[in-house]
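No experiment lies behind these values; they were computed from the predicted model shown. Here is how names work: the chains are called A, B, and so on, in the same order as the sequence lines, proteins then strands, and each is numbered from 1.
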Number of protein chains: 2
Amino acid sequence: MKPKLTLKKIAKELDVSISTVSKALRDSPEIGEETREKIKAFARHYNYKPNNIALSLKNRKTKTIGIIIPEIVHHFFTTVISGVEKVANEMGYNVFVCLSDNSFDKEVLNMEMLANGSTDGFILSLAKETMQKGDYHHLKEAINQGMPLVLFDRVVEDIACDKVIIDDVAGAKKAVQYLHDLGCRKIALISTVDYVSVGKLRTKGYKEVLEENGLTFNDDLVLKIEEMDDSEAQIEKFLEGLDVDGVFAVNEHFAISAIKSIQEQGKKVPEDVSVIGFTDGELSKRFIPSLTTVSQHGMRIGEESARLLIEKLERTPSEEEYYKTIIVETGLVTRNSTKSKK
Amino acid sequence: MKPKLTLKKIAKELDVSISTVSKALRDSPEIGEETREKIKAFARHYNYKPNNIALSLKNRKTKTIGIIIPEIVHHFFTTVISGVEKVANEMGYNVFVCLSDNSFDKEVLNMEMLANGSTDGFILSLAKETMQKGDYHHLKEAINQGMPLVLFDRVVEDIACDKVIIDDVAGAKKAVQYLHDLGCRKIALISTVDYVSVGKLRTKGYKEVLEENGLTFNDDLVLKIEEMDDSEAQIEKFLEGLDVDGVFAVNEHFAISAIKSIQEQGKKVPEDVSVIGFTDGELSKRFIPSLTTVSQHGMRIGEESARLLIEKLERTPSEEEYYKTIIVETGLVTRNSTKSKK
DNA sequence: ACCTGCAACGAAAACGTTTTCGTGTTGAAA
DNA sequence: TTTCAACACGAAAACGTTTTCGTTGCAGGT
């Protein structure tokens with residue numbers, strides 16, 4: 001095990017000064033051709049690579065961006081990471097992935113770890129607990145310290161930073177309108193509690209479509225789920241004896257639980273009831289019947305987030321502040337859990 | 001936007017020396033109580049946090065471990081990351097996640113980026129392309145430079161490092177034996193090509209069970225898939241007209257494709273054919289029929305890997321070298337794609 | 001012979017820490 | 001009064017870079 005090669009060691013070995021070595025390797029015209037070649041040959045031969053940490057300290061930037069997500073065992077988030085990784089690598093950046101486990105404390109801790117020099121900026125989707133508490137002091141603090149921040153998916157209005165979101169309302173409307181177009185008139189909504197912004201927004205879209213089509217909103221047709229753990233049981237109970245011909249669920253798990261419950265009641269999907277989910281994962285594709293869903297394009301979201309962040313990182317500080325919100329449009333992937341249009 | 005607080009600034013503000021500030025904050029007895037309290041109060045009030053990069057440079061360790069995986073959009077790997085994150089955080093480490101996208105070049109690049117000071121050690125699962133090429137110079141180089149390395153899942157024998165694997169042979173045997181116990185006598189195998197070690201080992205387990213039970217190995221009952229892209233078509237073609245009563249597939253995708261093909265042939269799962277997969281993902285759980293699978297305990301694998309690595313990082317350099325291989329045992333999760341035992 | 005100017009290189013500061021080794025000031029023992 | 005710890009603190013080196021600003025040596029012009 002040989003210790004790492006440094007400029008100092010090269011300098012000593014070749015009997016020149018450290019500065020000469022550094023300049024030679026960076027092709028400075030200050031250094032004579034002969035010495036330069038000698039040094040470069042030596043460095044190449046012994047495979048010299050500059051120490052990133054020293055560079056970071058010197059340049060006051062790490063060429064690293066941190067991404068903090070609530071949970072990784074979730075197809076949507078992994079596609080986002082993929083997208084971030086992709087453009088980050090293209091631009092010469094590294095990616096630090098941290099998990100908040102949907103816990104406020106872990107989110108704060110993670111930010112503190114990364115904020116102390118490890119990272120040039122953040123990409124973040126808020127933990128559920130954070131949204132519930134409504135405590136965003138850690139975000140504001142980071143921004144105050146000059147750390148660029150990009151929020152995605154689970155964002156919150158009153159933070160001054162770039163954001164990348166999908167148009168939840170429009171996505172939901174697309175789905176519900178599609179159900180309506182299929183002839184469904186008794187459409188149920190299975191959503192999450194309102195403090196999760198997506199739950200709220202998708203509910204809004206649902207309501208709007210009803211209204212636009214002259215249907216009246218009926219509270220009995222709406223289920224809001226708080227505890228993911230027994231969502232399956234809640235959905236089964238909710239659907240039991242409920243007269244519906246369409247279901248819009250805000251994620252794939254809820255959609256699948258709904259299908260199961262409906263089938264257990266002896267009804268058929270999609271003949272008797274059409275079901276649409278949100279988020280396009282492996283599960284949706286392979287389930288039988290395969291799921292019609294609103295697709296979120298996580299990859300695009302990740303790419304856009306990374307681009308936004310890096311743009312902020314590399315602009316000259318003189319430029320004035322401005323914040324963008326990018327809306328990645330959703331798609332509707334029609335499969336076999338909805339009747340086919342005639 | 002106020003710039004970060006440093007020791008130097010505190011020192012100037014309080015009119016003491018940098019060393020005094022540093023010592024005071026670290027509770028050195030060298031500093032008088034009065035000054036110490038004054039400094040600590042100031043630091044607390046202005047929320048001083050030491051700069052990680054400077055610490056890393058000084059201590060020559062980053063308290064960061066890197067994990068490089070072939071693909072993140074894969075449930076197994078995300079559970080591994082979860083496990084790594086968990087114990088890493090407990091031990092005060094950060095986690096750097098990099099994706100090789102199953103490409104040799106990207107794997108090498110990633111390692112080089114992380115090896116230059118960004119990371120104290122690696123946790124790695126080899127890219128498919130790397131195993132195919134059989135080129136491991138980058139691993140050996142890292143080890144040579146004194147970077148501890150832990151290989152998991154897709155490992156290779158002749159690298160001197162810690163490893164965490166599952167007993168693929170035993171896992172496969174468990175599955176095939178289970179099929180045999182159910183009365184299956186014509187058991188098909190759907191596997192990957194042999195240069196992916198898991199494909200090879202699981203095939204081995206399959207063969208052993210046949211042998212142990214006096215069945216003869218039949219090449220017609222084995223499919224080896226190279227291209228994931230059209231695996232579904234290949235499986236359908238393979239199964240067409242094939243007389244089987246059991247299928248063992250080396251991952252959940254193959255298993256599900258098999259079930260679909262079988263059903264399309266008018267046969268029933270599990271009544272006519274029992275199917276077992278490998279790796280326990282969301283898909284296995286929610287598919288109908290839900291899948292009987294060999295579960296890999298990715299979380300455990302991640303935890304063990306992290307523990308192994310950190311152990312190496314924190315031991316005193318005097319201790320002599322030794323390498324462990326931890327085998328995480330597999331479980332058999334029985335669900336509805338296999339007949340129930342009477 | 002003297003200055004000028006350029007080419008080629010080195011010294012040193014800086015980034016933010018920690019730590020070793022002084023150094024000056026006390027108080028008490030001799 | 002002298003001497004010597006003990007105490008409280010500061011200077012400086014070190015980690016590995018980059019960069020600014022010297023400092024040489026030497027050729028060319030007068």
Side-chain angles (χ1 to χ4, degrees), chain A residues 2-40 42-43 46-64 113-120 145-146, chain B residues 2-40 42-43 46-64 113-120 145-146:
Chain A
K2 49 187 177 199
K4 274 262 171 192
L5 198 55
T6 70
L7 288 187
K8 197 194 282 190
K9 286 179 197 154
I10 300 184
K12 189 191 275 183
E13 207 66 35
L14 262 46
D15 207 40
V16 291
S17 79
I18 297 185
S19 7
T20 306
V21 179
S22 174
K23 287 172 192 163
L25 292 178
R26 321 200 95 236
D27 280 321
S28 157
E30 269 187 74
I31 304 301
E33 180 148 5
E34 197 183 348
T35 351
R36 197 192 323 154
E37 272 317 313
K38 186 179 65 178
I39 292 174
K40 291 182 84 170
F42 186 91
Y46 289 103
N47 192 29
Y48 169 78
K49 293 273 163 48
N51 180 311
N52 278 334
I53 296 289
L55 284 180
S56 297
L57 186 58
K58 181 107 241 290
N59 303 330
R60 290 128 140 297
K61 52 175 76 172
T62 61
K63 283 278 187 179
T64 300
M113 284 201 75
L114 297 188
N116 296 316
S118 309
T119 273
D120 295 340
Q145 310 234 338
Chain B
K2 49 184 177 200
K4 274 260 170 194
L5 198 55
T6 69
L7 288 186
K8 197 193 281 189
K9 287 178 196 152
I10 300 184
K12 188 190 275 181
E13 207 66 34
L14 263 45
D15 205 41
V16 291
S17 80
I18 299 184
S19 7
T20 305
V21 178
S22 173
K23 287 173 193 164
L25 293 178
R26 324 200 94 238
D27 279 321
S28 156
E30 270 187 75
I31 305 300
E33 179 147 7
E34 195 183 349
T35 349
R36 197 190 325 152
E37 272 318 311
K38 184 179 64 179
I39 293 174
K40 293 182 82 169
F42 186 92
Y46 289 104
N47 194 28
Y48 168 78
K49 292 273 164 46
N51 180 312
N52 278 332
I53 297 289
L55 283 180
S56 296
L57 185 59
K58 181 104 244 287
N59 303 330
R60 290 128 138 297
K61 52 175 73 173
T62 61
K63 282 280 188 176
T64 300
M113 285 199 76
L114 297 188
N116 297 316
S118 308
T119 274
D120 295 339
Q145 309 232 338

Student: A side-chain contact here means heavy atoms from C-beta on lying under 4.5 Å apart; do L55(B) and N116(A) qualify?
Tutor: no

Student: K49(A) NZ to dT17(D) C1': how many Å, rounded?
Tutor: 17 Å

Student: For I31(B) versus A24(B), what's the shortest heavy-atom pair and its separation?
Tutor: CG1-N, 4.0 Å

Student: Can you measure L7(B) atom CG to dA14(C) atom P for me and round it to whole angstrom units?
Tutor: 16 Å

Student: Would you indicate what L55(A) reaches in the nucleic acid, counting non-hydrogen atoms under 4.0 angstrom: base, sugar-phosphate, or nothing?
Tutor: sugar-phosphate

Student: Tell me, do K40(B) and D27(B) make a side-chain contact under 4.5 Å, heavy atoms counted?
Tutor: yes

Student: Just by protein heavy atoms under 4.0 Å, how would nucleotides 4-13 of chain C read 5' to 3' in B, S and -?
Tutor: ----BBBBB-

Student: Judged by atom type as modelled, is there a donor-acceptor pair below 3.5 Å linking the side chain of S56(A) to the main-chain atoms of N52(A)?
Tutor: yes

Student: Looking at R60(A), does any N or O in its side chain come under 4.0 Å of the phosphate oxygens OP1/OP2 on dG16(C)?
Tutor: yes

Student: Do any side-chain nitrogens or oxygens of K61(B) fall under 4.0 Å of OP1 or OP2 in dC15(D)?
Tutor: no

Student: Once you round it to whole Å, what is the distance between P of dG16(C) and CD of Q145(A)?
Tutor: 13 Å

Student: Starting at atom CG of N59(A), determine the distance to atom C1' of dC15(D), rounded to an integer number of angstrom.
Tutor: 16 Å

Student: Any side-chain to backbone donor/acceptor pair from K4(B) onto K49(B)? Under 3.5 Å, distance only.
Tutor: no

Student: Please check if atom NZ in K12(B) has more than 12 non-hydrogen atoms from other residues, nucleotides or ligands closer than 6.0 Å.
Tutor: no

Student: Pick from L5(B), I10(B), T6(B): which one makes a side chain to side chain contact (heavy atoms under 4.5 Å, CB included) with K8(B)?
Tutor: T6(B)

Student: Reckon Y48(B) has a side-chain N or O less than 4.0 Å from the OP1 or OP2 of dG16(C)?
Tutor: no

Student: Would you say K61(A) has more than 12 foreign heavy atoms packed within less than 6.0 Å of its NZ?
Tutor: no

Student: Expressed in angstrom and rounded to an integer, what is the separation of L57(A) atom CG from dA14(D) atom C1'?
Tutor: 12 Å

Student: Need one value for T6(A): base, sugar-phosphate or nothing, where a base atom within 4.0 Å counts as base even if backbone is also close, heavy atoms only.
Tutor: sugar-phosphate

Student: Measure from CZ on R26(B) to P on dA8(D) and round the result to the nearest Å.
Tutor: 20 Å

Student: Bend across the helix from dA1(C)-dT30(D) to dA30(C)-dT1(D), to 10°, with axes taken over 5 pairs at each end?
Tutor: 90°

Student: Please report, rounded to the nearest Å, how far the C1' atom of dT19(D) is from the CG atom of D27(A).
Tutor: 16 Å

Student: Nearest-Å distance, CG (L14(B)) to P (dG10(D))?
Tutor: 11 Å

Student: Taking only side-chain N and O atoms of K8(A), does any of them lie within less than 4.0 angstrom of OP1 or OP2 on dC15(D)?
Tutor: yes

Student: Are the side chains of L14(B) and V21(B) in touch, meaning some heavy atoms are under 4.5 Å apart?
Tutor: no

